[in-house]
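As structure tokens, the structure follows; a few thoughts come after it.
Every number for a ligand or one of its atoms is a count from 1 in the order of the listing. Values reported hereafter were calculated over all heavy atoms of this structure, with side chains retained and with hydrogens, waters and symmetry mates removed.
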Amino acid sequence: MTESIVNSKVIISANVEELASRFAKILKEDVSNSANFFNLVLSGGSTPKVVFDFLSDNYQKEIEWNKIRFFWGDERCVPPDNEESNYLMTNKHLFSKVKIPEKNIFRIEGEREPELEAERYSGIILQNVPSVNKFPSFDLVMLGLGEDGHTASIFPDNLRLINTEKICEVAEHPISQQKRITLTGKVINNSKKVLFLITGENKSKIVDTIINRKSGFDKLPASYINPINGELIWLLDKKSGKDLSLFK
Ligand code: 6PG
């Protein structure tokens, strides 16, 4: 089921596997349409695991993996072998199964001093991602959504990160106080395409609040994700989309 809302598209899949399959098809098509390198931003957390497994199991040969340069939307400030690391999760579910040239993987080095790493990674992005309107423009940004409306590591208590002029900043998880490196809203909104991948009933309320601009949406970072010259697609499963009054 596909609906268009406020220049975004909502696609509800029957289950997580179907959602993963839809993501894979979009990625395959966009990469094949790309003349040069395809600059892809990966999200972290647990939702991507199913998607990465699906890609590894079904798209080994169907995607031109050598064209893709891998970046992250955020990373926890931990070493790459720490269970919390988004890189470790990606390596386990994707890179260990699909051959990716090391030079095309641009890891956020969570083991470094956070402020220095935010600076360093901003430089890496500037060097490797073409700019549009003087700001790096990724081809595709994968995002997840927290139950509190955060995305990447932009949390509700730090909405400043949506409009900061910086490319990356240091963020802090509001409960664990864990330091994170995050892309900022300006970079995300300068990309050609943003895909939210959201599953599970525990996200249904926050999804409805954001997509239908219900009371309190303006306090939520994900509400401000809307690419200036790009496309926004919400890939939901039935459970995370169940409260969308739009579809009642
Ligand atoms: C992270 C993510 C974060 C995540 C959401 C949703 O590093 O945790 O980038 O923004 O996408 O918290 O996480 P789940 O997919 O685990 O629900």
Side-chain angles (χ1 to χ4, degrees), residues 13 15-17 19-20 22-23 40-55 70-80 82-94 106-111 114 117-118 121 125 138 140-159 161-162 168-185 187-189 191 194-211 220-225 232-243:
S13 298
N15 52 46
V16 185
E17 288 66 33
L19 182 151
R22 282 208 159 107
F23 174 79
L40 169 63
V41 173
L42 302 175
S43 59
S46 55
T47 303
K49 293 176 186 172
V50 181
V51 176
F52 294 163
D53 286 341
F54 184 90
L55 286 168
F70 294 86
F71 300 80
W72 275 264
D74 66 328
E75 181 57 283
R76 292 81 181 278
C77 291
V78 295
N82 182 297
E83 270 312 302
E84 281 281 296
S85 164
N86 286 331
Y87 170 79
L88 184 75
M89 178 274 288
T90 310
N91 199 37
K92 187 170 161 201
H93 293 273
L94 184 61
F106 297 84
R107 181 175 71 88
I108 298 176
E109 295 178 1
E111 66 273 28
E117 181 52 16
Y121 204 65
I125 291 173
F138 285 101
L140 176 56
V141 175
M142 263 177 93
L143 290 176
L145 176 68
E147 289 183 55
D148 61 354
H150 81 261
T151 192
S153 281
I154 304 174
F155 293 96
D157 64 354
N158 203 355
L159 278 175
L161 296 182
I162 289 290
C168 296
E169 290 226 24
V170 177
E172 188 173 290
H173 191 286
I175 297 167
S176 67
Q177 272 77 54
Q178 182 186 58
K179 290 261 189 278
R180 308 269 185 99
I181 307 296
T182 188
L183 282 194
T184 62
V187 177
I188 295 169
N189 283 332
S191 55
V194 173
L195 282 179
F196 275 103
L197 288 85
I198 307 168
T199 62
E201 189 156 352
N202 61 318
K203 305 286 177 75
S204 62
K205 281 268 168 287
I206 201 83
V207 162
D208 184 34
T209 300
I210 293 169
I211 289 182
L220 307 173
S223 298
Y224 296 93
I225 299 303
L232 174 62
I233 301 176
W234 298 82
L235 288 183
L236 310 176
D237 67 350
K238 250 197 190 133
K239 289 177 181 167
S240 62
K242 79 174 184 60
D243 288 329

Taking the six-membered ring for Trp, are His150 and His173 parallel (under 30°), tilted (30 to 60°) or perpendicular (over 60°)? perpendicular
Contact partition for Asn86 relative to ligand 1, non-hydrogen atoms under 4.0 Å: side chain
Taking all atoms of both residues into account, what is the closest heavy-atom pair of Met142 and Pro48, and its distance? CE-CB, 4.1 Å
Report yes if some N/O of Ser153 lies less than 3.5 Å from some N/O of ligand 1; otherwise report no. no
Below the 3.5 angstrom mark, is there an N/O of Thr151, backbone or side chain, next to an N/O of ligand 1? no
Between the candidates His150, Met142, His173, which shows the shortest non-hydrogen contact distance to atom 12 (O) of ligand 1? His150
Ligand 1 versus Asp74, non-hydrogen atoms closer than 4.0 Å: side chain, backbone, both, neither? side chain
Is any side-chain heavy atom of Leu88 closer than 4.5 Å to a side-chain heavy atom of Glu83? yes
Shortest protein heavy-atom distance from atom 15 (O) of ligand 1, along with the residue and atom involved: Thr47 OG1, 2.6 Å
Min heavy-atom dist Arg180 to ligand 1 below 4.0 Å: yes
Name the closest protein heavy atom to atom 17 (O) of ligand 1, giving the residue it belongs to and the distance to 0.1 Å. Lys203 NZ, 2.6 Å
Considering heavy atoms of the protein only, find what lies nearest to atom 6 (C) of ligand 1 and give residue, atom and distance to 0.1 Å. Leu145 O, 3.5 Å
Closest heavy-atom contact between Trp72 and Val41? C-CG1, 3.6 Å
Side chain Gln178, main chain Arg76, donor-acceptor under 3.5 Å: no
Heavy atoms only: give me the nearest Thr184-Leu161 pair and the separation to one decimal. CB-O, 3.4 Å
Out of Gly200, Ala152, Gly144, Ala171, indicate the one that has the non-hydrogen atom closest to atom 10 (O) of ligand 1. Ala152
Starting from atom 13 (O) of ligand 1, find the nearest protein heavy-atom neighbour and note its residue, name and distance. Gly45 CA, 4.1 Å
Which residue and atom name correspond to the protein heavy atom nearest atom 4 (C) of ligand 1, and how close is it? Gly44 O, 3.9 Å
Is Arg76 near ligand 1, meaning one of its heavy atoms is under 4.0 Å from it? yes
Closer than 3.5 angstrom, by distance alone: can the side chain of Asn189 be matched with the main-chain N or O of Tyr224 as a donor-acceptor pair? yes
Is the CD atom of Gln177 crowded by more than 12 outside heavy atoms at less than 6.0 Å? yes
Closest non-hydrogen atom pair between Leu145 and Lys203, with its separation: O-NZ, 2.8 Å
